[in-house]
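Encoded as structure tokens, here's the structure I'll be asking about.
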Protein chains: 2
Amino acid sequence: MRADAARRRVALVREARRLFAENGSDVALDAVAEGAGVGIATLYRNFESRAALVEQVGLAILADLRSATTQAAADLPRNPGHAWRAYVDQLVALDLGALTAALSPDLAGALHGPVSDAQQLSLAAVESLLVGVRAAGLVPADLGALELVVAVGIVTRPQPEAVRQAAPHLVDRLVDVLLAGLLARAGVEAAARVRPT
Amino acid sequence: MRADAARRRVALVREARRLFAENGSDVALDAVAEGAGVGIATLYRNFESRAALVEQVGLAILADLRSATTQAAADLPRNPGHAWRAYVDQLVALDLGALTAALSPDLAGALHGPVSDAQQLSLAAVESLLVGVRAAGLVPADLGALELVVAVGIVTRPQPEAVRQAAPHLVDRLVDVLLAGLLARAGVEAAARVRPT
DNA sequence: CTAAACTGGAGGAAATCTCTCCACTAGAAG
DNA sequence: CTTCTAGTGGAGAGATTTCCTCCAGTTTAG
């Protein structure tokens with residue numbers, strides 16, 4: 001494959017990811033091509049169907065999720081509180097909204113196949129990270145990996161311009177409050193363990 | 001106006017509200033008419049333009065918001081914790097997602113006019129409710145009315161089927177955790193007031 | 001420099017959406 | 001019950017959007 005062709009392919013996936021996260025996966029393919037600065041023909045040559053493009057976007061996001069998670073797992077023992085907070089911040093920047101909300105209709109048909117495999121790997125990583133996080137008392141015992149990922153996806157789904165303007169930094173605050181809430185719940189559990197009824 | 005005509009008009013607004021909340025305000029008007037069980041011509045006779053329909057949906061939601069808020073304000077003195085919780089649960093059932101997320105692009109042009117007036121009234125009501133809620137130590141002092149409304153809108157925006165299936169009851173849990181987080185933050189503030197640094 | 005890989009975007013086909021028109025249905029007043 | 005008229009539904013023309021192919025021309029690698 002020629003070098004410039006590969007570059008264009010990457011640009012297409014990146015732009016598709018951006019647009020999917022912003023508007024859902026039903027964006028016009030023409031818009032993806034234009035946004036990536038390539039002709040529409042190039043898109044169709046690289047991705048046989050819309051589903052193929054969606055799949056690549058899904059894989060890219062899952063790969064990022066997995067690497068962020070491994071990183072956090074390595075940092076956790078040193079400073080649990082800080083590592084956990086930094087991890088969640090990374091998740092926020094990850095277009096999980098695109099994965100869970102926008103892509104899921106298209107990915108539903110791909111319950112088997114590479115996306116599903118990548119998803120299992122990533123979720124397993126998150127789950128094993130959560131073992132340490134729970135032990136550190138940062139989240140309640142019943143917080144699951146899938147639940148965490150979907151929750152972050154919901155909170156960070158991009159909002160229309162008017163909303164962002166009406167309540168700037170709202171997402172950051174929401175994340176702060178959520179983390180505080182998880183911590184509080186973990187605290188309640190711990191107290192119950194120490195002094196059982 | 002004939003009685004049956006009025007009934008159809010209401011059905012149209014109700015169906016539009018449902019569909020806007022579910023899919024954003026760019027639903028096909030044909031779909032709204034069909035969902036309401038009336039012909040497309042009836043829709044166009046009642047609402048001159050798409051914007052007129054959107055406006056009515058906005059007014060309906062804002063009216064519900066306001067009445068829920070007044071109700072809660074009346075209940076608050078008797079039992080703050082319970083009233084606050086019940087209020088938030090009501091907000092969750094209110095299609096605020098439709099108001100903030102789906103409608104805002106169309107409503108942006110209506111910055112003056114009936115929708116804007118209704119919004120100011122409703123937000124003023126929420127603000128005055130929050131005075132009591134803050135005093136009861138249930139939320140931090142800097143939680144604003146608009147922020148609360150938009151936050152609930154974000155969290156309750158409807159999710160695609162696949163997401164709902166992957167993590168059922170997630171929205172309920174999110175709301176629980178959020179309330180716990182707000183409470184915890186309010187607690188921190190209170191502690192700081194008692195024992196200032 | 002040459003061959004082969006690769007490109008862009010015009011444009012036809014297909015789908016979708018908007019909105020009008022008018023023959024008809026069914027409330028309401030007497 | 002009859003009559004008058006406000007109100008109805010849905011076909012379909014026209015406008016818009018999206019999909020996808022085709023090929024003359026450009027760019028890279030060797």
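Just so we're clear, the structure is a prediction, and the values are computed from it rather than from any experiment. Per chain, numbering begins at 1; letters A, B, ... match sequence-line order. Values reported hereafter were calculated over all heavy atoms of this structure, with side chains retained and with hydrogens, waters and symmetry mates removed.
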Measure from the side-chain heavy atoms of A/Val38 and tell me the nearest of C/dG8, C/dT18, D/dC19.
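Looking only at side-chain atoms, A/Val38 lies closest to C/dG8.
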If you look at every strand shown and take non-hydrogen atoms under 4.0 Å, does B/Ala33 touch a base, only sugar-phosphate, or nothing?
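The residue B/Ala33 makes no contact with any strand.
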Distance in angstrom units between B/Phe47 CZ and D/dT8 P, rounded:
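Taking CZ of B/Phe47 and P of D/dT8, I get 11 Å after rounding.
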What is the distance from CZ of B/Arg7 to C1' of D/dG7, rounded to the nearest Å?
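Between C1' of D/dG7 and CZ of B/Arg7: 12 Å.
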What I want to find out is whether A/Arg173 reaches B/Asp142 closely enough, with some N-O distance under 4.0 Å, to be called a salt bridge.
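Between B/Asp142 and A/Arg173 there is a salt bridge, with a charged N closer than 4.0 Å to a carboxylate O.
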Heavy-atom donor-acceptor pair, B/Arg2 side-chain to D/dA6 base, under 3.5 Å
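Donor-acceptor pair under 3.5 Å: yes.
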Distance below 4.0 Å between B/Arg8 side-chain N/O and D/dG7 OP1 or OP2:
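Checking D/dG7 against B/Arg8, no side-chain N or O comes under 4.0 Å of OP1 or OP2.
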Euclidean distance, atom CD1 of residue B/Ile40 to atom P of D/dG10 [Å, nearest integer]
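About 11 Å, once rounded to whole Å.
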Apply side-chain contact (heavy atoms from CB on, under 4.5 Å) to residues B/Arg18 and B/Glu22 and explain how you reach the verdict.
CA-CA 6 Å; B/Arg18 205 182 64 75; B/Glu22 207 164 271; 3.5 Å; yes
Once you round it to whole Å, what is the distance between C1' of D/dT8 and CD of B/Glu34?
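From B/Glu34 CD to D/dT8 C1': 16 Å.
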Rounded to the nearest Å, what distance is computed from the OH atom of residue A/Tyr44 to the C1' atom of nucleotide D/dC23?
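It is 18 Å, rounded to the nearest whole Å.
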B/Arg50 has a side chain; which of C/dT18, D/dA11, C/dG8 sits nearest to it?
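Out of C/dT18, D/dA11, C/dG8, the nucleotide with an atom closest to B/Arg50's side chain is C/dT18.
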Roughly how many Å is it from CG in B/Asp26 to P in D/dT16, rounded to a whole number?
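These atoms are roughly 18 Å apart.
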Scan B/Thr69, B/Leu65, B/Asp64, B/Thr70 and name whichever one has a side-chain contact (heavy atoms from CB on, under 4.5 Å) with B/Ser122.
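The residue from B/Thr69, B/Leu65, B/Asp64, B/Thr70 that satisfies side-chain contact (heavy atoms from CB on, under 4.5 Å) with B/Ser122 turns out to be B/Leu65.
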Rounded to the nearest 0.5 Å, how far apart are CG of A/Asp172 and OG1 of A/Thr156?
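Rounded to the nearest 0.5 Å, the CG-OG1 separation comes to 11.0 Å.
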Tell me what B/Ala41 touches on the nucleic acid: a base, only sugar-phosphate, or nothing, going by heavy atoms under 4.0 Å.
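If one applies the 4.0 Å heavy-atom cut-off, B/Ala41 turns out to touch a base.
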For the CD atom of B/Glu34 and the CG atom of B/Leu43, what is their distance to the nearest 0.5 Å?
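Rounded to the nearest 0.5 Å, the CD-CG separation comes out at 12.5 Å.
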Figure out the CE/P separation between A/Met1 and C/dA5, and round it to whole Å.
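Computing the A/Met1:CE to C/dA5:P distance gives 13 Å.
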Rounded to whole Å, please give me the gap between CZ in B/Arg45 and C1' in C/dC24.
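Distance check: B/Arg45 CZ to C/dC24 C1' gives 12 Å.
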Side chain of B/Thr42 only, please: which of D/dT28, D/dT8, C/dA28 is the nearest?
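The answer is D/dT8, which lies nearest to the side chain.
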When all nucleic acid strands are considered with a 4.0 Å heavy-atom cut-off, which category describes B/Asp30: base, sugar-phosphate, or nothing?
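Answer is base: heavy atoms of B/Asp30 come under 4.0 Å of a base.
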